[in-house]
Amino acid sequence: YEERSVRLNKHHLSNRLVFVLKQKTLVLREVIVRQSKAVQEYGDTTVYRVASFRTGEERTVEDVLKKLPGISVDDQGKIKVNGKHIDGILIEGEDLMSKNYRLITRSLDANALDKIEAVNNYTDNHVLREVEQSGKVILNLTIKKDRLIKPFGNTGLALGTPRRFEASGVLFSLLGKLKAGVVGNGNNTGIESPANPEEELLEKPSGLQRMDATRIELQPLIEGVRNDIPTGFNARRSSINQLGVVGGSASWQLSNGIKAKASLIRQTDSQAIFRSQSFEYVLDSLQFQGSDNSSVRRKPRQWQGKLTTVLVSTPKTIVKWHSAHSVTTNRETQQIKATFFTQGDSLSVHTQNYRLSSQHWANAVHRLSKGTVLELTTGFDFGKIAEGSLMLPFERNADSTSYKIGEKVMQEVNSRRTSWHASLQLKGSTSTYLYGGPIKYMLIGGILTGRDRVNSHLSADSSRALPELISTPLQNDLGYS
C-alpha cells in the first residue's frame, strides 16, 4: 500500500479516525531457479557432486565412494567403476600414489572433497589420445578451493582394548610447480596394508608384452605347517599384526615440457596367527584324546621407489624415462605340536627370504601426420629371489619327559631372472568410417630376450644314525634367449 500521513489535533482525538490506503504496485527483480545436478556426463567423464551424496557420517574418501552410483568398493578397498577396476586416483589431475590409491581413499578426509570425476579411456599422453583408446579408468578428486590455497591434510586415531589402535594421516601441497603428498597408516587390529608396492612394478607402456621379472615362483622343498584360517572365522579377528605404512610422492614441473615425478613407499609388519584344536574319540569303553596346535609368526619388510621423467613434451612428441625398484624381506617361523594320548611331537620351520625387483624403460611417441603415430619402447627388467629354510623336528625321548632334536633339514634357493625388450609400433586411424566410427590400425614388431638362473642346495643332519653332516647339493642352471 502507498504510504499516507495525517497530522492529528484535539478534534481528531474525540472522533473516530478512518484511513483508506491505496494499493501500491511493486516490481520485483528477476529470480532464476536452477536445479543442481548431482551427476553430470561430459563425454568419457562422469562428474559427481560430493555434497549431493553426503549425509555427514562419511569420514574418508572411501566412505563417500561407497555412496556414488556406478562405483563399488570391496572389503579390501579396491574400486570398480561400472564393474571395471580403476587404474589409479588423481588429486587435482596429479597422479601422486598411482595404483596404491588405497593410501588416499582410506586416509584423506571426506570434508576436503568438492567433486569426484570418473574418467574412461584415460591417458596422460596427448599424442596417443587421437589414435587409440586406452581402456583405463581413473578417478580424479577435486578439492575445495579453500583447501588449495595452502597445504592441507588430516589425522585420525582410534584406540581400543587390549592395546589396540588404528591411525592414519595425510598432508598434501598442490601449490605452484611442486606438488607433493605424504600419507601414513598403521594398525594392530588385523587390517591389511592399503599399499601394495609390487603393483607399481606392473606399470608398463603399451607394446610388446615383456617377461615379468617381478614374478618368480619357486616351489620350496621344505613344506611349512598349516596356517590357514578355519572356515567361519574372520581372518581379521584371528590374526595379530603390527602394521606401519608411509608413502610420499612429489611432482616437479621443471620447465615447459619437462616434468619429473618421484615416489617412495615403506611398509613394515609383524604378524602372528595361532590355531589350536582338540579332538576326542570314544569307541565302546575306550576314549582317545589329542590336540593339534600351530602358530605362524611373520615379519615382512618392503619398500618401493619410482622415478618417472618426461624428457620431451611437444604437441607432436613425448619422450619418457621410467625406473622402479622394489625390495621385500620376510622372516617367518612356523611351529606345530601334535599330541595323541601322552605322546607328542613338535616341528619348527624357520624361513628367511629376500626379493628384489627392478624395472627400467624408455618410451618415445611421435606424430608423423594427422591420425598416424610412431611409438618406440625399450626396457630392461631384473628380478632376484634368495630364500633359506631350516626345519627342526623335536621328538619325545623314551622316558617321555624330555625332547631331542630329530633330523635337521636345511634348504637354500637362489633365483635370478633378467630380460630385455624393444618394440616399434605404427598406429593410426583413417577417415573411413565403419559401424559409426573411424577404422583404426596398428602394426607392431619387436624383440624379447631373457635368462633364468636357479641354484638350490639341500642338506640333512641326522642325529639318529650318522653324526656327520649328510650333504646333498642340487644345482640347476637354466638359460634361454
Side-chain angles (χ1 to χ4, degrees), residues 38-39 46-81 85-86 88-92 94 96-118 138-174 180-196 234-237 239 241-249 265 267 269:
V39 182
T46 303
V47 181
Y48 301 88
R49 295 182 180 275
V50 174
S52 301
F53 298 94
R54 292 199 60 188
T55 61
E57 300 176 352
E58 301 81 9
R59 186 173 62 89
T60 63
V61 173
E62 184 176 288
D63 296 333
V64 176
L65 293 175
K66 291 179 179 179
K67 296 186 175 182
L68 303 184
I71 297 180
S72 60
V73 184
D74 62 19
D75 294 338
Q76 285 73 41
K78 295 184 178 180
I79 303 170
K80 289 183 179 180
V81 175
H85 284 287
I86 68 171
I89 286 184
L90 313 183
I91 299 180
E92 291 290 332
E94 291 292 335
L96 295 177
M97 290 297 169
S98 298
K99 292 182 179 296
N100 288 307
Y101 57 78
R102 289 182 296 176
L103 282 171
I104 297 176
T105 58
R106 291 188 169 181
S107 302
L108 183 60
D109 188 3
N111 293 321
L113 296 179
D114 181 26
K115 300 176 185 178
I116 296 178
E117 300 173 349
I138 62 98
L139 295 180
N140 181 45
L141 306 183
T142 301
I143 307 300
K144 293 179 179 179
K145 299 301 181 183
D146 60 338
R147 300 289 186 101
L148 294 177
I149 60 177
K150 58 184 178 180
F152 66 94
N154 58 269
T155 59
L157 177 64
L159 301 176
T161 57
R163 297 180 181 179
R164 294 285 185 248
F165 78 92
E166 295 177 13
S168 64
V170 298
L171 179 63
F172 288 100
S173 175
L174 304 178
V182 178
V183 181
N185 195 293
N187 74 87
N188 63 353
T189 57
I191 300 178
E192 67 173 14
S193 171
N196 185 1
N234 189 326
R236 176 177 172 182
R237 300 294 301 275
S239 64
N241 69 330
Q242 192 77 32
L243 174 68
V245 183
V246 176
S249 181
I265 295 178
Q267 67 178 10
D269 201 355

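By convention here, the first residue in the shown sequence is residue 1. Only heavy atoms go into these numbers, but all of them, side chains included; no hydrogens, no water, no symmetry mates.
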field: Euclidean distance, Arg102 CZ relative to Asn185 CG, rounded to 0.5 Å
entry: 10.5 Å

message: Is it the case that the side chain of Tyr48 and the backbone of Pro69 share a donor-acceptor pair, with hydrogens and angles ignored and the cut-off at 3.5 Å?
response: yes

query: Donor-acceptor pair, Asn187 side chain versus Phe165 backbone, under 3.5 Å?
result: no

message: Strictly distance-based, threshold 3.5 Å: is any side-chain N or O of Glu92 a donor or acceptor partner for the main-chain N or O of Ile143?
response: yes

message: For the CG atom of Leu141 and the CD1 atom of Ile104, what is their distance to the nearest 0.5 Å?
response: 7.0 Å

message: Keeping Asp109 on the side-chain end and Asn154 on the backbone end, is there a donor-acceptor pair under 3.5 Å?
response: no

- prompt: If we only count heavy atoms from C-beta on, is the Leu103 to Ile265 side-chain gap below 4.5 Å?
  reply: yes

query: Has the side chain of Tyr101 got a donor or acceptor atom that lies under 3.5 Å from a matching backbone atom of Ile86?
result: no

message: Tell me if a side-chain donor or acceptor on Asn188 pairs with a main-chain N or O of Arg163 at a distance below 3.5 Å.
response: yes

query: What distance separates Asp114 CG from Lys145 NZ, expressed to the nearest 0.5 Å?
result: 7.5 Å

query: Does any non-hydrogen side-chain atom of Asn100 lie less than 4.5 Å from one of Val183?
result: no

statement: Distance col, row Ser173:OG vs Lys150:NZ, nearest 0.5 angstrom, shows 12.0 Å

field: Side-chain donor or acceptor of Lys144 paired with backbone N/O of Asn111 under 3.5 Å
entry: yes

message: So, taking the atom named OG in Ser168 and the one named CZ in Arg59, what distance separates them when rounded to the nearest 0.5 Å?
response: 6.0 Å

- prompt: What's the spacing between Phe53 CZ and Asp63 CG if we round to 0.5 Å?
  reply: 15.5 Å

